[in-house]
A.B. asks: 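One structure follows; several queries about it will come next.
Chain letters run A, B, ... following the sequence lines, proteins first and then strands; every chain starts at 1. What you see is a predicted model; the values in this text were computed from it and never measured.
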Amino acid sequence: MPELPEVEVTRLSFADAIAGGTVLSARMGKPLRWPLGLEPMALTGKTVLRVRRRGKYLLLDMSEGLLLVHLGMSGSVIFNKNLPSPGVHDHFDLVTDLGTLRLNDPRRFGAVVYASGESDPVARKLLGHLGVEPLGREFDFKVFHEALAKRKAPIKQVLLAGDVVVGVGNIYASEALFLAGIRPTTKANRLSRPRLMRLHKAIFDVLSRAVEKGGSTLRDFSNAQGESGYFQLEANVYGRSGHACRICASTIKAIRQGQRSTFFCPLCQKP
DNA sequence: AAAAGCCCCTGGATGC
DNA sequence: TGCATCCAGGGGCTTT
């Protein structure tokens, strides 16, 4: 489910509310993608200092150590006081004196992992290979250009891999390539500098716009206050195969790339 | 080093 | 109504 915008919207929706909260108890439901790394109750007494984001990971800095939270494909988080007793897909509760953070994740591709710090091996394994943050100052065009020049894979799949830029998932990869006028199958190293400049800008624009709109709610995404996002209403290509392109009225096409769907306009997006 | 496939898991939509 | 099949916002791991 969640790409960078949804994770960022989630973060913004509870970061201030949980900051300063001291853990009273914690519980795990069914196992998630990776083990927590300690007994849930060992989190008791730690304080949540702040919530950051790295790629699609939420980082909860604790008074000692940090929690890495990933929403996988179907995860969502809610933060509130007096939550009802956990449902079948509620797999992690962090009860603090300011409220409870609860992860709901039917498919359980998500994870909550404790690390002693960012140099902890488990944190390095999950975060160490990540590319640049697209909404930060470090998203430099020259670096982007040089990284893509080394890649012969289709540009869509390079974007998805997340080792050049983080946070661009299946929706926003298709959307950014549409805005840049680039065919998703074009090999990354075959793109000219002007076209890459358009792509660089498109990635920033589409992700920031999606954050503004509260993310995309396709099936079940909502922020920690239970509110839906609206960016999907603005999608130009994602999920629109067979429909008319909003720009040129051509029929939007769907193809498969690496076991994932890709959507594009055959006229607006040049190989 | 980089690319391509394979899984992990559940639920909703679709088709017969 | 019942059952099979396909598809879904991710990404680490293994194999080429």
Side-chain angles (χ1 to χ4, degrees), chain A residues 1-11 29-35 53-58 68-77 87-91 103-113 121-131 134 146-176 184-190 203 206-207 210-211 213-223 228-235 237-242 254-263:
Chain A
M1 139 216 158
E3 306 181 35
L4 183 150
E6 291 73 36
V7 178
E8 180 64 7
V9 164
T10 296
R11 186 185 75 82
K30 285 187 177 181
L32 295 166
R33 179 162 190 178
W34 298 296
R53 181 189 54 74
R54 178 73 178 101
K56 297 171 189 168
Y57 287 89
L58 291 167
L68 315 190
V69 178
H70 198 290
L71 303 179
M73 285 283 266
S74 58
S76 62
V77 135
V88 278
H89 299 309
D90 294 327
H91 300 304
L103 174 68
N104 179 277
D105 186 4
R107 292 177 71 182
R108 292 189 284 127
F109 289 174
V112 183
V113 175
V122 68
R124 298 184 93 109
K125 183 185 76 166
L126 299 179
L127 308 176
H129 60 96
L130 294 183
E146 286 169 0
L148 292 184
K150 299 174 190 162
R151 301 296 203 97
K152 298 177 183 171
I155 182 63
K156 157 85 172 346
Q157 289 173 258
V158 175
L159 293 178
L160 274 191
D163 49 357
V164 175
V165 201
V166 292
V168 183
N170 211 35
I171 298 178
Y172 301 108
S174 281
E175 293 299 317
T185 46
T186 307
K187 294 184 186 331
N189 64 345
R190 300 285 299 275
I203 290 169
V206 76
L207 294 178
V211 172
K213 300 300 284 185
S216 296
T217 297
L218 265 50
R219 269 158 279 278
D220 48 14
F221 172 74
S222 62
N223 67 26
S228 294
Y230 295 95
F231 184 83
Q232 72 281 3
L233 302 174
E234 297 184 13
V237 288
Y238 186 86
R240 298 195 66 241
S241 57
I255 57 173
R256 299 289 290 180
Q257 291 182 286
Q259 288 98 246
R260 315 293 298 277
S261 299
T262 300
F263 302 87

A.B. asks: Can you measure A/Leu159 atom CG to C/dG11 atom P for me and round it to whole angstrom units?
C.D. replies: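 Interatomic distance, CG of A/Leu159 to P of C/dG11: 13 Å.
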
A.B. asks: Excluding sequence neighbours, so at least two apart, what forms side chain to side chain contact (heavy atoms under 4.5 Å, CB included) with A/Val9?
C.D. replies: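 A/Val211, A/Phe221, A/Asn223.
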
A.B. asks: Which nucleotide in the list C/dG12, C/dG11, C/dA8 gets nearest to the side chain of A/Lys56?
C.D. replies: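 Of C/dG12, C/dG11, C/dA8, C/dG11 is nearest to the side chain of A/Lys56.
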
A.B. asks: Measure from the side-chain N and O atoms of A/Asp90 to the backbone N and O of A/Gly29, and report whether any donor-acceptor pair falls under 3.5 Å.
C.D. replies: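 No: the side chain of A/Asp90 does not pair with the backbone of A/Gly29.
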
A.B. asks: Can you tell me, in whole Å, how much space there is between the P of C/dC7 and that of B/dG5?
C.D. replies: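 Between the two P atoms, the distance is 16 Å.
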
A.B. asks: Check whether any side-chain heavy atom of A/Leu160 lies under 4.5 Å from a side-chain heavy atom of A/Lys156, and answer yes or no.
C.D. replies: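 Result yes, sub-4.5 Å side-chain heavy-atom pair found.
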
A.B. asks: Grab the CD-C1' distance between A/Glu6 and C/dG10 for me, whole Å please.
C.D. replies: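 Atom-to-atom, A/Glu6 to C/dG10, this comes out as 12 Å.
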
A.B. asks: Quick one: are A/Lys125 and A/Val113 in side-chain contact, heavy atoms under 4.5 Å?
C.D. replies: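 No; the side chains remain at least 4.5 Å from each other.
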
A.B. asks: Rounding to a whole Å, what distance do you find between A/Leu68:CG and C/dG10:C1'?
C.D. replies: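 Atom-to-atom, A/Leu68 to C/dG10, this comes out as 15 Å.
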
A.B. asks: Do A/Leu103 and A/Leu71 come close enough that some side-chain heavy atom pair is under 4.5 Å?
C.D. replies: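 SC-SC contact between A/Leu103 and A/Leu71 confirmed.
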
A.B. asks: For the rings on A/Tyr238 and A/Phe231, is their centre-to-centre separation under 6.0 Å?
C.D. replies: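 So the answer is no for these two rings.
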
A.B. asks: Could you tell me the separation between the CD1 atom of A/Ile171 and the P atom of C/dG11, rounded to a whole number of Å?
C.D. replies: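 So the two atoms are 13 Å apart, to the nearest Å.
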
A.B. asks: Donor-acceptor pair, distance only, cut-off 3.5 Å: does the side chain of A/Ser228 make one with the backbone of A/Thr217?
C.D. replies: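 Absent.
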
A.B. asks: Between atom CD in A/Glu3 and atom C1' in C/dG11, what is the gap in whole Å?
C.D. replies: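 In whole Å, C/dG11 C1' lies 13 Å from A/Glu3 CD.
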
A.B. asks: Not counting sequence neighbours, which residues clear salt bridge (Lys or Arg N to Asp or Glu O under 4.0 Å) with A/Glu234? List them please.
C.D. replies: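 By the salt bridge (Lys or Arg N to Asp or Glu O under 4.0 Å) rule, A/Glu234 matches A/Arg209, A/Lys213.
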
A.B. asks: Report all interatomic pairs (protein N or O, nucleotide N or O of nucleotides 2-5 of chain B) with separations under 3.5 Å.
C.D. replies:
residue: B/dA3; atom: OP1; partner: A/Lys152; partner atom: N; Å: 2.5
residue: B/dA3; atom: OP1; partner: A/Ala153; partner atom: N; Å: 3.0
residue: B/dA3; atom: OP2; partner: A/Arg151; partner atom: NH1; Å: 2.8

A.B. asks: Could you give the CG-to-P distance, from A/Leu4 to C/dG10, as a whole number of Å?
C.D. replies: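 After rounding, the gap between these two atoms is 11 Å.
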
A.B. asks: For A/His89 and B/dG11, is the shortest distance between a side-chain N/O and OP1 or OP2 below 4.0 Å?
C.D. replies: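 Looking at the OP1 and OP2 atoms of B/dG11, one of them is under 4.0 Å from a side-chain N or O of A/His89.
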
A.B. asks: Looking at residues 104-112 of chain A, who's got a heavy atom less than 4.0 Å off DNA chain C?
C.D. replies: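 Here the set is A/Arg107, A/Phe109.
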
A.B. asks: Contact class for A/His129 (heavy atom, under 4.0 Å): base, sugar-phosphate, or nothing?
C.D. replies: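 A/His129: backbone/sugar contact only, no base atoms under 4.0 Å.
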
A.B. asks: In whole angstrom, what separates A/Leu130's CG from C/dG11's C1'?
C.D. replies: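 Rounding to the nearest Å, CG of A/Leu130 and C1' of C/dG11 are 10 Å apart.
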
A.B. asks: When you measure from the side-chain N and O atoms of A/Lys30 to the phosphate of B/dT10, is any distance below 4.0 Å, counting only OP1 and OP2?
C.D. replies: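 Looking at the OP1 and OP2 atoms of B/dT10, one of them is under 4.0 Å from a side-chain N or O of A/Lys30.
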
A.B. asks: Would you indicate, yes or no, if C/dG12 has its OP1 or OP2 atom less than 4.0 angstrom from a side-chain nitrogen or oxygen of A/Tyr57?
C.D. replies: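 It does, given that an N or O in the side chain of A/Tyr57 lies less than 4.0 Å from OP1 or OP2 of C/dG12.
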
A.B. asks: Taking salt bridge (Lys or Arg N to Asp or Glu O under 4.0 Å) as the definition, give me every residue that meets it alongside A/Arg53, ordered by chain and number, with sequence neighbours left out.
C.D. replies: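 Scan of A/Arg53 (salt bridge (Lys or Arg N to Asp or Glu O under 4.0 Å), adjacent residues dropped) gives A/Glu8, A/Glu133.
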
A.B. asks: Any side-chain N or O of A/His70 under 4.0 Å from OP1/OP2 of C/dG11?
C.D. replies: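 Answer is yes, contact under 4.0 Å.
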
A.B. asks: Does any part of the side chain of A/Arg108, heavy atoms only, come nearer than 4.5 Å to the side chain of A/Lys30, both counted from C-beta?
C.D. replies: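 Side chain of A/Lys30 against side chain of A/Arg108, heavy atoms only: contact under 4.5 Å found.
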
A.B. asks: Nearest-Å distance, OH (A/Tyr238) to P (C/dC7)?
C.D. replies: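 After rounding, the reported distance stands at 12 Å.
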
A.B. asks: Would you say A/Glu175's side chain and A/Val206's backbone share a donor-acceptor pair under 3.5 angstrom?
C.D. replies: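 Not confirmed, A/Glu175 side chain does not pair with A/Val206 backbone.
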
A.B. asks: Would you sketch DNA chain B in dot-bracket for me? Only Watson-Crick or G-U wobble pairs with both distances under 3.5 Å count, crossing pairs as [ ], other-strand pairs as |, the rest as dots.
C.D. replies: .|||||||.|||||||

A.B. asks: Please name the residue in the list A/Gln157, A/Arg256, A/Gln257 that meets the side-chain hydrogen bond (donor to acceptor under 3.5 Å, both in side chains) test with A/Thr262.
C.D. replies: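 Result for side-chain hydrogen bond (donor to acceptor under 3.5 Å, both in side chains) with A/Thr262: A/Gln257.
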
A.B. asks: Hey, does the side chain of A/Ser74 come within less than 4.0 Å of B/dC9's phosphate (OP1/OP2), counting only N and O?
C.D. replies: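 Indeed not, no polar side-chain atom of A/Ser74 lies that close.
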
A.B. asks: By the 4.0 Å heavy-atom rule, please label A/Phe231 as base, sugar-phosphate, or nothing.
C.D. replies: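 No contact.
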
